[in-house]
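Written below as structure tokens is the structure these notes are about.
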Amino acid sequence: MEPDDPRLAGPLARVALLRVEQGDFEAVDTLLPRALTLLRSADDPASEEYAATLNDIGYTWQVRGDLDRAEPLLEEALRRRQQALAPSVQLGPVLNNLGNVRWARGDLDSAAALLRRSVETRRSPAYDDPRLPSSLESLADVLQRLGALDEAEEVAAEALDIRRRTLPEGHLRLAGPLHIQGIIMRQRGRPADAEPLLREALEIRVAALGEDHFVVANARNGLALVLEDLGRLDEAEELFRRSLEVYTDLFGQDHLNPAYVEANLARLLFRKGKGEEEVRRRLEHALPIARRERPNDRVFAADLITLGLSYCRMGNQQAADSTLAQAV
């Protein structure tokens with residue numbers, strides 16, 4: 001097969017996905033543009049393989065954290081699936097991946113609608129899709145962010161039940177529903193019930209992926225939030241700092257993932273009443289990134305108040321007034 005053969009696009013995209021799941025983001029930045037260029041040179045853009053490869057490339061950009069590249073490719077993949085005379089089970093993955101992109105952008109209503117369709121498609125007796133739990137987990141996560149905690153808990157429980165029935169103890173895919181159930185318990189104001197769920201999810205992910213994987217960083221952040229709720233601030237701070245370190249190494253300083261954790265860390269330091277200068281520095285860095293990516297997230301509006309109060313304490317009333325005005 002020649003190096004410029006369009007049939008190489010699919011294998012390249014799958015290799016890129018494997019590399020990004022291993023945390024090798026630099027390889028992905030090279031592989032994915034080449035895969036897309038090869039794909040666009042294909043003779044049959046209406047083929048099953050073309051849409052599947054679009055989905056794979058879009059999903060890999062999504063995992064990489066590049067939503068601007070991921071979203072249009074996934075939207076195109078979905079259109080092609082919907083236009084097919086006999087749409088296959090592949091509609092489920094595209095709906096799931098696009099739903100997760102919309103979630104990451106803060107468009108929760110759109111995300112929930114897409115993920116419900118993904119669940120319905122994958123639950124169909126005609127397909128019996130083994131990836132149903134993945135869509136259930138994503139839907140549960142969106143529902144808890146929308147405040148629909150009863151439904152979120154029910155959906156997460158179904159995902160965990162399927163995982164436990166089909167996977168051995170300690171399997172990596174058990175961590176997802178465990179983590180989501182822990183987050184739901186925290187949202188219900190039950191951090192003591194959330195802690196063992198989130199701790200088990202973290203232990204599974206560390207055992208499977210190592211200490212420096214981005215999924216492990218996410219698990220540390222979730223557990224840290226619960227430990228903060230429980231008043232165990234030093235433990236929470238250690239986890240936030242480790243999560244931030246890994247996220248920054250992988251995504252760079254100006255990405256939403258490290259910015260989100262950095263805001264959490266700053267909030268904790270403010271609560272502890274120490275490191276006033278670090279609190280300001282971290283919020284000044286994290287909040288513009290977080291608010292750009294999720295302008296409607298009320299947590300970041302609250303962080304603006306924290307930053308404004310910090311300016312008040314240092315006697316900078318002009319900065320305080322300007323910052324507090326943004327939070328209204």
Side-chain angles (χ1 to χ4, degrees), residues 16-25 28 59-60 62-65 96-97 100 103-104 130-142 144-145 152-153 155-187 191-230 232 235-251 255-262 264-265:
L17 177 56
L18 177 62
R19 299 293 283 273
V20 78
E21 288 177 341
Q22 295 170 339
D24 185 358
F25 290 173
V28 169
Y59 173 64
T60 306
Q62 171 196 335
V63 176
R64 174 66 176 88
N96 185 77
N97 296 338
N100 283 329
W103 166 86
R131 295 165 295 182
L132 170 62
S134 296
S135 292
L136 290 169
E137 291 161 25
S138 297
L139 178 58
D141 199 4
V142 170
Q144 66 87 14
R145 291 175 184 274
E153 187 171 356
V155 171
E158 181 184 357
L160 182 59
D161 177 64
I162 296 172
R163 295 293 197 201
R164 288 205 185 281
R165 285 191 285 106
T166 57
L167 298 173
E169 184 177 352
H171 193 282
L172 176 59
R173 293 194 182 278
L174 287 169
L178 284 167
H179 182 88
I180 293 166
Q181 284 197 328
I183 297 300
I184 293 169
M185 289 301 102
R186 177 176 183 258
Q187 290 286 87
D193 293 326
E195 183 188 356
L197 295 166
L198 292 169
R199 195 171 292 281
E200 183 180 356
L202 174 58
E203 290 170 354
I204 289 172
R205 284 171 167 167
V206 169
L209 302 170
E211 296 283 350
D212 300 326
H213 197 279
F214 61 92
V215 175
V216 173
N218 179 56
R220 285 196 183 101
N221 179 70
L223 180 57
L225 289 168
V226 165
L227 293 175
E228 182 180 0
D229 291 344
L230 291 169
R232 290 152 59 183
E235 293 177 69
E237 181 180 346
E238 181 179 354
L239 286 171
F240 280 140
R241 289 189 184 279
R242 185 72 182 104
S243 176
L244 177 59
E245 178 185 3
V246 171
Y247 265 151
T248 301
D249 286 346
L250 292 172
F251 290 94
H255 189 274
L256 176 61
N257 288 345
Y260 184 76
V261 179
E262 188 171 30
N264 290 342
L265 174 61

Out of curiosity, Glu228 CD to Leu223 CG, how far, rounded to the nearest 0.5 Å?
12.0 Å
Can you list the residues that meet the salt bridge (Lys or Arg N to Asp or Glu O under 4.0 Å) rule with Asp24, with sequence neighbours excluded?
Arg19
Kindly write out the residues that satisfy side-chain hydrogen bond (donor to acceptor under 3.5 Å, both in side chains) with Asn257, not counting sequence neighbours, or none if the list is empty.
none
Taking every heavy atom of Val246 against every heavy atom of His213, the minimum-distance pair comes out as CG1-O, 3.8 Å
Sequence neighbours excluded, which residues qualify as side-chain hydrogen bond (donor to acceptor under 3.5 Å, both in side chains) partners of Glu137?
Arg163
From Glu262 atom CD to Thr248 atom OG1, the distance as rounded to the nearest 0.5 Å:
7.0 Å
Value rounded to 0.5 Å, distance of CG in Leu209 from CD in Gln22:
10.0 Å
Considering all heavy atoms, the nearest Gly222-Ile183 contact
CA-CD1, 4.4 Å
Which residues share a side chain to side chain contact (heavy atoms under 4.5 Å, CB included) with Asp229, sequence neighbours left out
Arg186, Pro191
If you compare all heavy atoms of Gln144 against all heavy atoms of Ile184, which two are closest, and at what distance to 0.1 Å?
CB-CG1, 3.8 Å
To the nearest 0.5 angstrom, please state how far the OH atom of Tyr59 sits from the CG atom of Asn100.
8.0 Å
Taking the side chain as every heavy atom from C-beta outward, state whether His179 and Leu197 have any pair of such atoms under 4.5 Å apart.
no
Return the minimal non-hydrogen interatomic distance between Pro130 and Pro133, and the atom names on each side.
O-CD, 3.3 Å
Test log, rule side-chain contact (heavy atoms from CB on, under 4.5 Å), inputs Met185 and Val226
CA-CA 10 Å; Met185 289 301 102; Val226 165; over 6 Å; no
Go through the structure and list residues passing salt bridge (Lys or Arg N to Asp or Glu O under 4.0 Å) with Arg242, not counting sequence neighbours.
Asp212, Glu245
Residue list, side chain to side chain contact (heavy atoms under 4.5 Å, CB included) with Glu200, at least two apart or on another chain:
Arg164, Leu178, Ile204
Heavy-atom closest pair (Leu174 atom, Gly170 atom, distance to 0.1 Å) is CD1-N, 3.7 Å
Partner set under side-chain hydrogen bond (donor to acceptor under 3.5 Å, both in side chains) for Arg220, not counting sequence neighbours:
Glu211
Arg173: which residues meet the side-chain hydrogen bond (donor to acceptor under 3.5 Å, both in side chains) condition with it, sequence neighbours left out?
none
Residues which pass ring pair (Phe, Tyr, Trp, His ring centres under 6.0 Å) with Phe251, listed by chain and number, not counting sequence neighbours:
Phe25, Tyr247, His255
Side chain to side chain contact (heavy atoms under 4.5 Å, CB included) against Glu238, all qualifying residues, sequence neighbours excluded:
none
Trace of the side-chain contact (heavy atoms from CB on, under 4.5 Å) decision for Phe214 with Asn218
CA-CA 6 Å; Phe214 61 92; Asn218 179 56; over 6 Å; no
N/O donor-acceptor pair under 3.5 Å between Ser243 side chain and Leu239 backbone
no
Derivation and outcome, side-chain contact (heavy atoms from CB on, under 4.5 Å), residues Leu136 and Ile162:
CA-CA 10 Å; Leu136 290 169; Ile162 296 172; 4.0 Å; yes
Leu225 vs Asn221, test: side-chain contact (heavy atoms from CB on, under 4.5 Å). Steps then yes/no.
CA-CA 6 Å; Leu225 289 168; Asn221 179 70; 4.0 Å; yes
Which residues satisfy the salt bridge (Lys or Arg N to Asp or Glu O under 4.0 Å) test with Glu203, sequence neighbours excluded?
none
Within-4.5 Å side-chain heavy-atom neighbours: Val20 and Gln62
no
Contacts of Glu158 that satisfy salt bridge (Lys or Arg N to Asp or Glu O under 4.0 Å) - sequence neighbours left out:
Arg123
